[in-house]
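Notes to accompany the following structure.
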Amino acid sequence: MTSRLLSPRSITTERLSMLPPGPEHMDDLIRLKADERVFGFMLHGVRTPARTGEELEDDMDFWQVRGYGTWSVFLRGTGQFLGLCGLMERPDGRGVALRYALWPEMRGHGYAREAANAALEFGHHAGLARIIGVARESNTASRAVMESIGMRLCDHFINRGHAMMVFESRL
């Protein structure tokens, strides 16, 4: 699966368009991040609209400072918002992590795998020698995405009573 850069920050794949989030994505981000089915599994859980706005500002700043970050993911052709995918520094010091969160209705079509693979390629091309991914042990779908793009299990830890698995990709 090969992705193509549209600009230094935008990516297209066979079926997806991935754009750094901006104010024009705010309504989609508010809905996605407030949905328990999507963000209930993410670090820090669901977000309020105010918190989503703060995170959007942080995401835009992160791109300016680091040259990589999170993308809003859209279906090419229709422009339908599917969710998020990207690379962010984990607050627990474990490193730069691949993260993805798509609407439940979009699962099972390979979109998360396609977006995650493109983000991983982007990160390594940007010079990140090691990128990790973290999933609950019980989240078999997320684990399968990471394994399918070549990430390997490298660590375990417990977070709020949940067994967590850490995967990594190295250059």
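Just so you know, these numbers come straight off a predicted model, no measurement behind them. Along the sequence shown, residues are numbered consecutively beginning with 1.
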If the threshold is 4.0 Å, N to carboxylate O, is there a salt bridge linking R66 and E89?
yes
Indicate yes or no: at least one non-hydrogen side-chain atom of D92 is less than 4.5 angstrom from one of V134.
no
Any chance you could measure D35, atom CG, to R47, atom CZ, to the nearest 0.5 Å?
12.5 Å
What I'd like to find out is whether the side chain of D155 reaches to under 4.5 Å of the side chain of M165, using heavy atoms alone.
no
Should the pair R113 and Y100 be classed as cation-pi, given the thresholds of under 6.0 Å to the six-membered ring centre and 45° from the axis?
no
Start with the C-alpha gap between R107 and E105, add the side-chain angles, then the distance that decides, and say whether salt bridge (charged side-chain N to carboxylate O under 4.0 Å, His left out) holds.
CA-CA 6 Å; R107 295 176 187 156; E105 301 79 34; over 6 Å; no
Indicate yes or no: at least one non-hydrogen side-chain atom of R31 is less than 4.5 angstrom from one of W103.
yes
Rounded to the nearest 0.5 Å, the CZ atom of R152 sits from the CZ atom of F167 at a distance of 9.5 Å
Is L87 close to L98 at the side-chain level, that is, under 4.5 Å between some pair of heavy atoms?
yes
Mind checking whether S17 and V73 have side chains closer than 4.5 Å, heavy atoms only?
no
Working note: H25 + F74, criterion ring-ring contact (aromatic ring centres under 6.0 Å, His included); need CA distance, chi angles, decisive distance, verdict.
CA-CA 11 Å; H25 304 150; F74 300 90; 5.2 Å; yes
Between CE of M146 and CD1 of I132, what distance do you get to the nearest 0.5 Å?
9.5 Å
With distance as the sole test, does W63 use its side chain to make a donor-acceptor pair with the main-chain N or O of D58 at under 3.5 Å?
no
Check: V145 main-chain N/O paired with S148 side-chain donor or acceptor under 3.5 Å:
yes
Using only heavy-atom distances, determine whether the side chains of S169 and H124 contain a donor-acceptor pair under 3.5 Å.
yes
Intermediate values then yes/no, salt bridge (charged side-chain N to carboxylate O under 4.0 Å, His left out), E55 and R51
CA-CA 6 Å; E55 288 183 351; R51 181 66 189 138; 3.5 Å; yes
Taking the side chain as every heavy atom from C-beta outward, state whether T52 and M26 have any atom pair closer than 4.5 Å.
yes
Sub-3.5 Å donor-acceptor pair from the side chain of R15 to the main-chain atoms of R76, do we have one?
no
So, the side chain of N159 versus the backbone of H162: is there a donor-acceptor pair under 3.5 Å, distance only?
no
